[in-house]
2 protein chains.
Amino acid sequence: MAKRPPISNRVKQLRETHDGMSQAALAKEIGVTRQTVIAIEQGRYSPSLESAFRIARVFGVGLEDVFSWDDPQDS
Amino acid sequence: MAKRPPISNRVKQLRETHDGMSQAALAKEIGVTRQTVIAIEQGRYSPSLESAFRIARVFGVGLEDVFSWDDPQDS
DNA sequence: TCTCCATGTCAAAAATTTCTTACATGGCTC
DNA sequence: GAGCCATGTAAGAAATTTTTGACATGGAGA
């Protein structure tokens, strides 16, 4: 199965600050299913670059304002 | 099959400006195979967010300095 | 209470990305 | 020419992401 990726995201917070947009509404806007939004928010797997870009666009922010790389160790 | 995503990238240029790093060397650094690097450079599909972050890191730039969303317009 | 909505879980199928292996070409050097 | 190295193609297997559909829970409101 999929490992948890070393990437965290603020999708949930962004939804809240975006007029309490629901997962279903976000899913519809970016063209994926609600299951996908749930899985991304829960960090079960990281989305495709394409979905990531679409999410950032919906919220009008940069990709790295939504997703961030937080690998503890790495040379 | 996969559609070509509305995302372009400068991986090839970055390799060149990075001391002519080969595809094989880049692949090894980001932990994927050479085939994957080729496919990404050719835009056959967009990489996972994880691979995208690793590529940006290798070149010491931001994610959006490597990959950019170029969709004509959204509805 | 009953209904609606948002969130969440689960499982299996479908789609996409990545890997593995093998082979081809062009450039360069010896 | 022979030997490398970098790039490219191709096909199938493996892994991961996304979809589909069904069901459960809690909160808000009528």
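Sequence lines set the chain letters: A, B, ... in the order given, protein chains first and strands last, and positions in each chain run from 1. Atoms considered below: every heavy atom in the structure, side chains included; atoms not considered: hydrogens, waters and symmetry mates.
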Is it true that A:E29 and A:R54 have a side-chain N and a carboxylate O under 4.0 angstrom from each other?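 Judged by the 4.0 Å cut-off on N to carboxylate O distance, A:E29 and A:R54 do not form a salt bridge.
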Taking 4.0 Å as the cut-off, does a side-chain nitrogen or oxygen of [X] come that near to OP1 or OP2 on [N]?
| X | N | answer |
| --- | --- | --- |
| A:Q42 | C:dT9 | yes |
| A:K12 | C:dG8 | yes |
| B:R15 | D:dT7 | yes |
| A:Q35 | C:dT7 | no |
| A:S51 | D:dT18 | yes |

Proximal nucleotide (of [options]) relative to the [X] side chain:
| X | options | value |
| --- | --- | --- |
| B:T33 | D:dG8, D:dT18, C:dC19 | C:dC19 |
| B:V32 | C:dC19, C:dA6, C:dG8 | C:dC19 |
| A:Y45 | D:dT9, D:dA6, D:dT17 | D:dT17 |
| A:S48 | D:dG8, D:dT18, C:dT18 | D:dT18 |
| A:I40 | C:dT9, D:dT18, D:dA6 | D:dT18 |

Please check this pair: side chain of B:N9 against backbone of B:V11, looking for a donor-acceptor N/O pair closer than 3.5 Å.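 Such a contact is found between B:N9 side chain and B:V11 backbone.
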Whether the side chain of A:E50 engages the backbone of B:S46 through a donor-acceptor N/O pair (distance < 3.5 Å, no angle test) should be reported.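 Pair absent, no side-chain N/O of A:E50 close to backbone of B:S46.
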Rounded interatomic separation in angstrom, taking [atom1] from [X] and [atom2] from [N]:
| X | N | atom1 | atom2 | answer |
| --- | --- | --- | --- | --- |
| B:I30 | C:dT17 | CD1 | P | 15 Å |
| A:R34 | C:dT7 | CZ | P | 8 Å |
| A:R54 | D:dT17 | CZ | C1' | 15 Å |
| A:M21 | C:dC5 | CE | P | 17 Å |
| A:N9 | D:dT17 | CG | C1' | 15 Å |
| B:L49 | C:dT18 | CG | P | 11 Å |
| A:L26 | C:dA6 | CG | C1' | 14 Å |
| A:I38 | C:dC5 | CD1 | P | 17 Å |

May I ask you to say what B:G31 touches in the nucleic acid, namely base, sugar-phosphate or nothing, with a heavy-atom cut-off under 4.0 Å?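 Touches sugar-phosphate only.
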With a 4.0 Å cut-off on heavy atoms, is A:T36 in touch with a base, just the backbone sugar-phosphate, or nothing at all?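 Counting heavy atoms under 4.0 Å across all strands, the contact made by A:T36 includes a base.
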When B:E41 is tested against each of B:K12, B:Q13, B:R15 for side-chain hydrogen bond (donor to acceptor under 3.5 Å, both in side chains), which residue passes?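 Only one of B:K12, B:Q13, B:R15 forms a side-chain hydrogen bond (donor to acceptor under 3.5 Å, both in side chains) with B:E41, namely B:R15.
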For the residue pair A:W69 and B:F53, categorise the inter-ring angle as parallel (less than 30°), tilted (30 to 60°) or perpendicular (more than 60°).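 A:W69 and B:F53: tilted rings.
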